[in-house]
Amino acid sequence: MNNKAILWMIFTTAFLILITILSSYNVTFKWIFSLVILGQAFLIITVYKVLKDDYKTELTFKDGYQDHPIEKEIE
C-alpha cells in the first residue's frame, strides 16, 4: 500500500480511539456525537483510499503467505 493509505488508516484508528477515551471521561454528548460522525466520515474516506490504492504484486494464491510459504510440488 501507498504511504498515504497507511497514514489515513493510522489517523482514523487514533481518532476513533480518542473518541472512546473521551467518552469514558464524561465529555458532553454533543461533542461525542459530533466526533463520532466525523470519525465515520474518516472511516469511509480511509476505506476508499485503501481500495483505490495503486498496489501491484506478482504473487498469486499458489504462493501462499509470505511468512509461511506453501511448499511447491516437485514435478
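For the numbers below, each heavy atom of this structure counts, side chains included, while hydrogens, waters and symmetry mates do not.
Linking Ile, Leu, Val, Met, Phe, Trp and Tyr residues whenever their side-chain heavy atoms come within less than 4.5 Å leaves Phe33 and Ile44 in two separate clusters. Residues Ile45 and Val36 share a single hydrophobic cluster, defined by chaining ILVMFWY side chains whose heavy atoms lie under 4.5 Å apart. There is no path of hydrophobic side-chain contacts, each under 4.5 Å, that joins Phe29 to Tyr25. Taken together through direct or relayed side-chain contacts under 4.5 Å among Ile, Leu, Val, Met, Phe, Trp and Tyr, Val27 and Leu35 form part of one hydrophobic cluster. At a threshold of 4.5 Å between side-chain heavy atoms, the hydrophobic network of Ile, Leu, Val, Met, Phe, Trp and Tyr places Leu18 and Leu16 in one connected group.
Distance check, rounded to the nearest 0.5 Å: CG of Leu7 to OG1 of Thr12 gives 10.5 Å.
Between the side chain of Ser23 and the backbone N or O of Thr20, at least one donor-acceptor pair lies under 3.5 Å.
The nearest pair of heavy atoms linking Leu38 to Phe15 is CD2-CZ, 3.8 Å. Across Val50 and Met9, no two heavy atoms sit closer than the pair CG2-CE, 4.0 Å. Residues Ile32 and Ile19 approach most closely at CD1-O, 4.1 Å, considering heavy atoms.
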